Amino acid sequence: MNNLENKIVTVQDYLNNAHATLANSSTAKFDAQLIIAYACDWTMAQLWARLSDPFPVNATELTENLLSRRQLGEPIAYILQKRDFWNFTLHVNSDTLIPRPETELLVETALTRLPKNGWLIDAGTGTGAIALALSTASPDCQVIALDKSWSALQVAHLNCQLVHSSVYLLRGHWLQSLKNECAEMIVSNPPYIAENDPHLLQGDVVFEPRSALVAGKTGLETYQEIIPEALRVLKFDGWLGVEHGINQQNAIEKIFIDLGFKNISLLKDLAGISRVIWGQKI
Ligand code: GLN
């Protein structure tokens, strides 16, 4: 920001320069606004109201630091340590996947299948996004959020407090620690990217935990593990819903069919991409 030296710098000046600094990102303008509001500890409305005020000198160092992190490609959600999901704002950090809007499809379609009372399980909960959305929407159900990562469970724990909702946090590898026929519903957004997928080399995913993204050679390995386990853990008529990646629906539907699930449905996200599969245990 050398060209801002030796004159009074307004918030608007700073914003223009921050925008120019981030120019090679498609979200540069919005990111600059978010970073400045965050560094100044202002709401967006406070930012708009102060455009012609001098830029607060004590926020300069933090703003510059956050802008350079963004310039290096770090996701804005990690920089601000938060991301909106469903009807709340979740804490996120680099120990967890950043919740995606398309994952709300899994929540919406879970809500139409919810039992009146019962046990719901979110396998591989990460930030706790899905578990918390389900527990706030269905207070008569008990929700268990499982993850094998302690640091992800710490993030989920913080989010339980932020959202004022209680879910049982449990450490475990997928469903292995659960007893037979104990749950009415299981949901999961597991890692589903193949290990040599070129998408892993660009964008936000570069900064996200590999263990939350990569399933193995084909991208289907986690489904091969959790769908049979879900069959064991679900009660009769219990539902399993999983999110999946582009073009994985037929292979995953086949696993559901081969294991004898009934009422299988394939659902598309807002972009028209097959994204979620549900099946019911016979
Ligand atoms: N939806 C994420 C992506 O495409 C991947 C999340 C996952 O593997 N569950 O980047």
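If you read the sequence from its start, that first residue is 1, and numbering goes on from there. It should be emphasised that the depicted structure is a prediction, and the values quoted were computed from it without experimental measurement. Read the numbers this way: they start at 1 and go in the same order the structure lists the ligands and their atoms.
Counting heavy atoms closer than 4.0 Å to ligand 1, residue Thr103 contributes nothing at all. With a 4.0 Å heavy-atom cut-off, ligand 1 is reached by no atom of Ala215. Contact annotation: for His199 versus ligand 1, there are no heavy atoms closer than 4.0 Å. Residue contacts with ligand 1 for Val205 involve side-chain atoms from C-beta outward but no N, CA, C or O (heavy atoms, distance under 4.0 Å).
A donor-acceptor contact shorter than 3.5 Å links the side chain of Glu221 to the backbone of Thr218.
A 4.5 Å side-chain heavy-atom check between Trp278 and Leu240 finds every atom pair outside the cut-off.
With hydrogens and angles left out, the side-chain atoms of Thr89 and Asp84 include a donor and acceptor closer than 3.5 Å.
Those atoms of ligand 1 that come under 4.0 Å of a heavy atom in Pro191, given as number and element, are 8 (O). With ligand atoms numbered from 1 in the order given, ligand 1 contributes 7 (C), 9 (N) to contacts under 4.0 Å with heavy atoms of Asn189. Ligand-side atoms of ligand 1 in range of Ala212: 7 (C), 8 (O), range being under 4.0 angstrom from any heavy atom. For ligand 1, the atoms sitting less than 4.0 Å from at least one non-hydrogen atom of Pro190 are 7 (C), 8 (O), 9 (N), numbered in the order shown with element in parentheses. For ligand 1, the atoms closer than 4.0 angstrom to any heavy atom of Leu97 are 6 (C).
Taking the centre of each ring, Tyr168 and Trp119 come in below the 6.0 Å mark.
When all heavy atoms of Gly124 and Asp147 are compared, the closest pair comes out as C-OD2, 3.5 Å.
Arg70 has no carboxylate O lying under 4.0 Å from a charged side-chain N of Glu64, or vice versa, which leaves the two without a salt bridge. The residues Lys235 and Glu181 are annotated as not salt-bridged, no charged nitrogen and carboxylate oxygen being separated by less than 4.0 angstrom.
Looking at Arg275 next to ligand 1, no N or O pair under 3.5 Å apart turns up.
The shortest heavy-atom distance from Gly245 to ligand 1 is not under 4.0 Å.
Nearest protein heavy-atom contact of atom 10 (O) of ligand 1 is Arg100 NH2, 2.9 Å. Looking at atom 1 (N) of ligand 1, its nearest protein heavy atom turns out to be Tyr192 OH, 2.7 Å.
Considering Leu234, Thr112, Asn263, Ile186 as possible partners of Trp239, the one that fulfils the side chain to side chain contact (heavy atoms under 4.5 Å, CB included) test is Asn263.
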